[in-house]
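In what follows, chains are A, B, ... by sequence order, proteins preceding strands, each numbered from 1.
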Amino acid sequence: MSEENWIEVGSTDSIEEEDLIRFDHQDKTFCVYKLTDGFYATDGICTHEAVHLEDGLVMDDEIECPMHQGIFNIKSGEALSPPACEDLKTYPVKVDNDKIFIKID
Amino acid sequence: MKNNIIILGGGQAGIYAAREIRQNDSKSNIKILGEENLLPYERPPLSKDFLLDKKKEEDLYFHSSDVLKNENIEFENISINKVDFENKKLFAKNDNVYSYDSLLISTGSENKKLTLDNNLKNDIYYLRNLEEAKKIKEIVSNKNKITIIGGGFIGLEIASSLSQLQKKVIVIEIGNQLMGRIIPKQIADLVQYTHIEHGNEIILNKQIEKITKKNGDYEILLNDNSLIETDFIIAGIGSTPTVKLFENTNLKLDNGIVTNQFCETSIKDVYAAGDVSNFYHPFYERNMRLESYQHAQNHGICAGKNIAGVKTEYTSIPWMWSDQFNLNLQLTGICDEYDEIIERGNDINNGVIYFFLKNNKIRGACGVGIIGKVGRDIRITSKLSEKNTIVDKQILSDQNLKLNKLMQK
């Protein structure tokens, strides 16, 4: 994989702990999370219905969709609670000089 | 021990119960008896994405037949017409007899029908199951001016979908507001405004006197003598629990099947879950009957645990939603026991929520906003309510202050 795949999202202080920000790149939307043990990234749209997860609730390692309460594990993307049944795609994240980067394939 | 477990009713509560039983009991026979010749499917999209052709029939099933096969859960399409609780047997119309050790009743609820003293029974459409949704979808493609009787969730969701299909829609509601059974008037008015903005006509405070068929179309006479001409009528005027089968039995009925917090009915080894159950909720210390997606699922799971011998109280905080146009409306807890109301937000674009407090604790909340704008706060509200948190009203009422601040770690 080449270095170009790492896309800068913003600075590490742009996200509060146990929260997320939305990040749009080209025609895709991502969510970038700050959990107690670091930063994580997933697709930004719920797999159940096309709603942005940026308005969802982050609890521990989980993101809950604001529309119908489907729950995903932020680290693995696993769909944990109906109505969501399809997993959420996750992306690698790195921090360099207080900046967050995500690797988009 | 290997038991025969029968689940009467092939809806959401039934399938979630079946899978939960299997999680805890690998040996027993589990059989779901369903009146529809379809595996359990999701009903919420029927009035929305299914009518709009954004979801197809195959998208609606909770699980494929493979999942049921792998978990050794049998599904049979059969109609039961007699129950013998004493001898633990169910009798089908085709003379089949089913014996059970444990029985879960998850027969759901059915639509109330309009009582009109003429022969229009087959002219008025209702929407509860996939077959009805298919019929409505097919027929409305050739209709232009559609009247919906009843301004509740289902009627308004259909009104929203039909409007998006470029139909002229009229909604007639007997009460003085939309969704009056459970939604506060302030929220209902915001939803009503959105319908009107999209061209739907909303008629409140009117009763139907008479419906007359004329050249294939209809004339609806209201109690103020006004006349509505329409070419198709759909009614959504509420529902009743499906309990006819049990009316002459010992099973205790009162607005559904009466159950305790463990989904147990008045008869040993007989459980009930979902829409059909009037259950005791230990948190609210009262009985209630709910008709919602989240309840059908969680109550089914709770019944499944109890049937499998894992004694579990049902303590889920009620939650429901409705999607109309670009709005998402959500309700949590109970909104009819309060001594104070607090409003958060005043612009539907950012979400508007009304909190119902009693003794400085949230008992319930109802919110509406552009899709995605109220879900997080409503979810936090459920948690605050569940934990009996004494809330800071300043934070509740100020949309610039995050509700997370009220959560205790």
If you compare all heavy atoms of B:Gly372 against all heavy atoms of A:Pro66, which two are closest, and at what distance to 0.1 Å? O-CB, 3.8 Å

Chain A heavy atoms under 4.5 Å from B:Asp49: which part of the residue, side chain, backbone, both or neither? side chain

Would you give the length of the straight line joining atom OG of A:Ser81 to atom CD of B:Gln294, rounded to the nearest 0.5 angstrom? 9.5 Å

Taking CG in A:Asp19 as the centre, count heavy atoms belonging to other residues, nucleotides or ligands within less than 6.0 Å. Is the count above 12? yes

Short question: side chain of A:Gln69, backbone of B:Gly375 - any donor-acceptor pair under 3.5 Å? no

Would you say that more than 12 heavy atoms from the other residues, nucleotides or ligands in this model lie under 6.0 Å from the NZ of B:Lys69, or not? no

Test item: B:Arg376 side-chain N/O and A:Gly56 main-chain N/O as donor-acceptor pair under 3.5 Å: yes

To the nearest 0.5 angstrom, please state how far the CG atom of A:Asp55 sits from the CD1 atom of B:Ile371. 11.0 Å

Toward chain A, the part of B:Lys402 with a non-hydrogen atom under 4.5 Å: side chain

Side chain, backbone, both or neither: which part of B:Phe62 has a non-hydrogen atom closer than 4.5 Å to chain A? neither

If one checks every heavy atom of B:Asp323 against chain A at 4.5 Å, the contacting part turns out to be side chain

I'd like to check B:Trp321 versus A:His68 (side-chain heavy atoms, cut-off strictly below 4.5 Å). Are they in contact? yes

Report which part of A:Glu64 has an atom under 4.5 Å of a heavy atom belonging to chain B: side chain, backbone, both, or neither. side chain

B:Lys383 vs A:Met59 side-chain heavy atoms within contact, under 4.5 Å: yes

For the CG atom of A:Leu57 and the CD1 atom of B:Ile378, what is their distance to the nearest 0.5 Å? 12.0 Å

